[in-house]
Amino acid sequence: MSTVTEIKVPDIGDFKEVDVIEILVKPGDTVAKETSLITVESDKATMEIPSPAAGVVKELKVKLGDKVAEGSMILLLEASAGEAPVPQPPETAEISAPSAAAPKSAAPSTALRAASEPAAEPAAVPIPRPAPVPLEPVADVPAFKPHASPSVRKFARELGADLARVRGSGPKGRITQEDVQAFVKGVLTQAPTTPLAAAAPAGGTPFNLPEWPQVDFAKFGPVELKPLSRIRKLSGANLHRNWVSIPHVTQFDEADITELEAFRKESGAASEKQGFKLTMLAFLIKACVTALRQYPEFNASLDSSGENLVLKKYFHIGVAVDTPDGLVVPVIRDADRKGVYELARELAEVSKLARDRKLKPGDMQGGTFSISSLGGIGGTAFTPIINAPEVAILGVSRSAMRPVWVSAQGEAGKFVPRLMLPLSLSYDHRVIDGAAAARFTSYLASVLSDIRRSLL
Ligand code: CAO
């Protein structure tokens with residue numbers, strides 16, 4: 001007698017709800033154990049959910065666009081003759097979002113991958129690479145990281161199509177199987193494509209740029225090939241997406257932190273006894289929270305329709321941390337409820353975790369606003385890239401003692417030496433106007449010059 005089993009979404013880590021973006025089987029299909037059933041996608045990653053057993057698909061319980069979570073029913077599976085009943089729930093899906101700490105043992109078919117990361121090939125089934133020359137001149141450098149599910153990647157590989165050249169028509173520019181087919185057809189009928197024109201996000205203005213220059217660098221001198229780290233590839237793809245899809249403007253300002261720096265030094269002894277530094281960054285987080293309360297549209301995200309602003313009533317601040325493998329942005333949660341000592345201690349902990357590659361994906365999620373501080377390194381200003389789906393990021397450069405003209409108070413009519421901190425606020429101009437950004441940075445500067453304001 002055949003057994004019909006409910007196949008459900010396994011543990012998908014911290015992802016509460018994900019979209020069903022592909023259904024890879026239909027009723028009547030015979031599937032083997034590990035055959036991919038559906039592809040789901042979070043804002044950061046795609047994952048194929050494999051069948052935990054062999055059998056015949058009796059009935060689908062999901063459709064495209066459904067939102068599913070752990071335990072949601074996918075389909076009914078009739079076990080093949082001789083098959084043991086399907087164990088439920090199937091093995092836990094491992095997350096491999098941009099974290100160096102992702103477990104190495106994650107099975108490729110169940111691993112949540114960053115959306116633009118190429119799918120790992122199953123070790124036991126090597127897919128022969130076809131000779132792709134007519135479809136993808138080998139010398140071309142992909143100028144855009146393609147966003148496609150593992151099965152579409154496999155399909156493209158089998159056809160020898162370079163996904164970097166395919167325009168995605170799915171949500172968020174995702175490349176579908178139909179897009180790959182259309183691309184191949186276009187190439188075969190000599191349709192003109194350029195890497196960026198092909199890669200322009202769906203619905204966006206296609207770029208029509210000259211081909212990427214192909215240069216044999218070795219012709220000009222000795223070179224060495226250094227593969228990009230996994231973190232750099234993942235963060236690079238996200239930075240590229242954010243850079244091309246958000247209209248950035250950067251507002252520059254400076255804050256007089258003379259008193260704040262003196263206060264920080266005075267108060268630092270207590271934290272040093274406990275083994276951490278009371279850093280300027282902790283005060284910056286505190287001051288940013290005060291400014292975000294005053295200007296809530298900076299602590300917000302556009303919703304997926306692009307028609308509403310989601311104003312967040314919590315203050316989770318992302319902090320860019322430079323690691324030998326690239327940039328990561330752990331999030332300090334509920335910064336509004338923490339004092340500067342607690343923030344400083346937590347900053348020391350997360351930056352150590354980041355550098356030791358021990359951050360978990362959850363440590364980098366849920367941010368509402370980010371700060372990138374290069375002050376300890378140098379520079380006078382820079383233009384940070386917004387960490388989508390946030391709408392603003394504060395860049396901080398190196399403070400310097402400078403003569404400032406005083407026009408009021410006791411020392412009116414004189415230059416006085418003041419410690420000035422350069423601020424660079426990049427914002428999403430779809431959401432924030434220039435005037436609002438200027439108000440935000442001047443308010444922030446006023447809070448930093450008199451930190452008592454953050455108590456008000
Ligand atoms: N101006 C002048 N000096 C500064 C400063 C500023 N704005 N900010 C920090 N410093 C000084 C500190 O006083 C400290 O000096 P001492 O060693 O003499 O005490 C030194 O720089 C190191 O500062 P810190 O230990 O307080 O570290 P931090 O809080 O500045 O930075 C962290 C911590 C994790 C943010 C930082 O290590 C880091 O990774 N920064 C890089 C972020 C980045 O790459 N952003 C780029 C994103 S866009 O590509």
Side-chain angles (χ1 to χ4, degrees), residues 98 100 228-229 231-243 246 248 250 252-258 260-269 271-272 275-288 317-332 335 340-359 363-364 367 369-388 390 392-402 418-427 444-445 448-449 451:
L228 295 181
S229 73
I231 289 184
R232 200 172 294 282
K233 281 194 261 179
L234 292 170
S235 62
N238 288 336
L239 288 165
H240 191 176
R241 177 201 58 201
N242 299 349
W243 182 245
I246 300 174
H248 280 71
T250 305
F252 301 106
D253 212 327
E254 54 183 5
D256 182 339
I257 56 162
T258 319
L260 179 58
E261 179 63 359
F263 178 64
R264 186 180 79 85
K265 287 199 170 138
E266 270 167 44
S267 323
S271 65
E272 263 161 45
F276 63 93
K277 270 202 313 193
L278 183 58
T279 62
M280 181 53 76
L281 199 48
F283 288 96
L284 279 161
I285 294 177
K286 206 71 210 157
C288 282
I317 309 297
V319 177
V321 178
D322 178 38
T323 77
D325 292 328
L327 186 68
V328 290
V329 188
V331 173
I332 307 283
V340 280
Y341 285 113
E342 198 177 346
L343 291 170
R345 179 190 289 119
E346 210 174 313
L347 273 170
E349 284 165 10
V350 290
S351 37
K352 178 161 188 331
L353 283 177
R355 291 186 177 123
D356 294 347
R357 308 174 180 190
K358 288 192 178 144
L359 284 177
D363 298 334
M364 291 176 280
F369 179 87
S370 293
I371 302 179
S372 174
S373 174
L374 293 176
I377 305 168
T380 52
F382 64 108
T383 54
I385 297 179
I386 296 164
N387 189 15
E390 296 163 23
I393 179 169
L394 180 73
V396 181
S397 300
R398 192 168 194 74
S399 57
M401 203 49 110
R402 290 208 279 105
R418 306 295 294 175
L419 185 63
M420 303 303 288
L421 178 73
L423 307 173
S424 310
L425 177 87
S426 292
Y427 59 92
L444 179 63
L448 288 166
S449 40
I451 200 76

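Remember, it's 1-based here, ligands and their atoms both numbered in the order they're listed. A quick note: this is a predicted structure, and the numbers were derived from the prediction, not measured.
Protein heavy atoms are found less than 4.0 angstrom from atom 35 (C) of ligand 1. By the definition of a contact as any protein heavy atom under 4.0 Å away, atom 18 (O) of ligand 1 is not in contact.
Taken to the nearest 0.5 Å, the OG atom of Ser426 stands 7.0 Å off from the CZ atom of Phe252.
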For residues 374-387, please give each side-chain donor-acceptor pair under 3.5 Å, one per line with the distance, not counting sequence neighbours.
residue, atom, partner, partner atom, Å
Asn387, ND2, Ser370, OG, 3.4

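Summarising the contacts of atom 7 (N) of ligand 1 with Gly395, Ser397, Ser426, Ala320, the nearest heavy atom is found in Ser397. The closest heavy-atom contact to atom 39 (O) of ligand 1, among the options Ile377, Asp322, Leu419, Val319, comes from Asp322. In the candidate list Met420, Met280, Lys277, Lys277 is nearest to atom 23 (O) of ligand 1, counting heavy atoms. Among Leu347, Leu239, Ile385, Leu281, the residue whose heavy atom lies nearest to atom 29 (O) of ligand 1 is Leu281. Closest to atom 40 (N) of ligand 1 by heavy atom, among Ala354, Ser373, Gly379, is Ser373.
Atom CZ of Phe263 has 12 or fewer neighbouring heavy atoms from other residues, nucleotides or ligands inside a 6.0 Å radius.
Numbered from 1 in the order shown, with element, the atoms of ligand 1 that lie under 4.0 Å from a heavy atom of Ser351 read 34 (C). Those atoms of ligand 1 with a heavy atom of Thr279 less than 4.0 angstrom away are 26 (O), 29 (O). Below 4.0 Å from some heavy atom of Ser399 lie the following atoms of ligand 1, by number and element: 1 (N), 2 (C), 6 (C), 7 (N).
Counting heavy atoms under 4.0 Å from ligand 1, residue Arg355 touches it through the side chain alone.
Listed by chain and number, the residues in a side-chain contact (heavy atoms from CB on, under 4.5 Å) with Leu419 are Ile257, Thr258, Glu261, Ser399, Met401 (sequence neighbours excluded).
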